[in-house]
2 protein chains.
Amino acid sequence: MNRIDPETAELYSIADLAREFGISTRAIRFYESKGLISPERLGATRVFRRRDRARLILILRGKRLGFSLRDISDYLALYDADRGQQVNLLTEKVDERLQLLEQQLADLQTTIAELHEIRKLARERVVSS
Amino acid sequence: MNRIDPETAELYSIADLAREFGISTRAIRFYESKGLISPERLGATRVFRRRDRARLILILRGKRLGFSLRDISDYLALYDADRGQQVNLLTEKVDERLQLLEQQLADLQTTIAELHEIRKLARERVVSS
DNA sequence: CCACGCCTTTACGTTAGCGTCAAACAACTG
DNA sequence: CAGTTGTTTGACGCTAACGTAAAGGCGTGG
């Protein structure tokens, strides 16, 4: 347990990940410059492993949710807090996040319901015309 | 039906709404400049009615969901499309929106679940230490 | 009358999140 | 060996969404 298997640690170039996720290499470098990912180097060239790729997925999901990179950075820190963190402080921050997300969930459900309503009204209009 | 009752058409100053929603008057003017709201004028002074206030609520909800003002503008248009719009085109746009929102809903639920998981792991660590 | 508070417009400043060259090096390919 | 492809680090550009003065109009109260 906790052993790293080097065989399964696939390597990705920056272009690989850019292609896979439909983003620019510039964006990826930008995320690194903001400390959201920290790929290894082979000389000067960036080498990404599964961990970096996983983080990228979280970053993009955060963006779809409308979060700033700053927010996403904080969010990633919660994942990192695996070891050697004050647990109280961690759960506190997690709970903060959850509150925000549940507010967002409520907003989202309201909005979805309203759109369904609009569609329904539109259809009724068609029928009665 | 469809009659407007002038008695219930309350009036708000820009400062009223700014205070109520905890935003700046600058922001409200900015939203107007982008065509998201269009208050009446008394001389040069903006006069807001319930309709504008309702729109503001939708705007702020859109922002909490991470949408750009451009997106929100399009969204508001769906509400306006009450009368005299191509119904097909309307429902089409509504459905587009709904797709995005449901993607967002899925992202959100995943994220919430992961955070619950993190909290659970943190607590287990406390117990076993 | 004059200060005070609230309103207006105009305009420049700021931060985030990249896009877009530019210049340079490394490896492969014909 | 020249050319293509992929990488790097700057550095400047750009849009969105306001913040922040600056300068002035309108009404009210002392």
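A note on names: the letters A, B, ... follow the listed sequences, proteins ahead of strands, and every chain is numbered from 1.
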Worksheet item: Quick one: is B:T45 getting a side-chain N or O under 4.0 Å of the D:dC26 phosphate, OP1 or OP2?
Response: no
Item to complete: Assign a letter to each nucleotide of nucleotides 9-22 of chain D from its 5' end: B, base within under 4.0 Å of a protein heavy atom; S, sugar-phosphate only; -, no contact.
Response: B-B-----BBBB--
Practice prompt. Compute whether any side-chain donor of one residue and acceptor of the other, for B:Q103 and B:D107, lie under 3.5 angstrom apart.
Written response: yes
Discussion item. Side chains of A:Q99 and A:D95: any donor to acceptor distance under 3.5 Å?
Written reply: no
Worksheet item: With a 3.5 Å cut-off and no angle check, do the side chains of B:T91 and A:R123 form a donor-acceptor pair?
Response: no
Discussion item. Side chains of A:E10 and A:R53, heavy atoms from C-beta outward: is any pair under 4.5 Å?
Written reply: no
Discussion item. What I want to find out is whether B:D71 reaches B:K63 closely enough, with some N-O distance under 4.0 Å, to be called a salt bridge.
Written reply: no
Item to complete: Specify the separation, in whole Å, of atom CZ of A:R19 and atom C1' of D:dG6.
Response: 10 Å
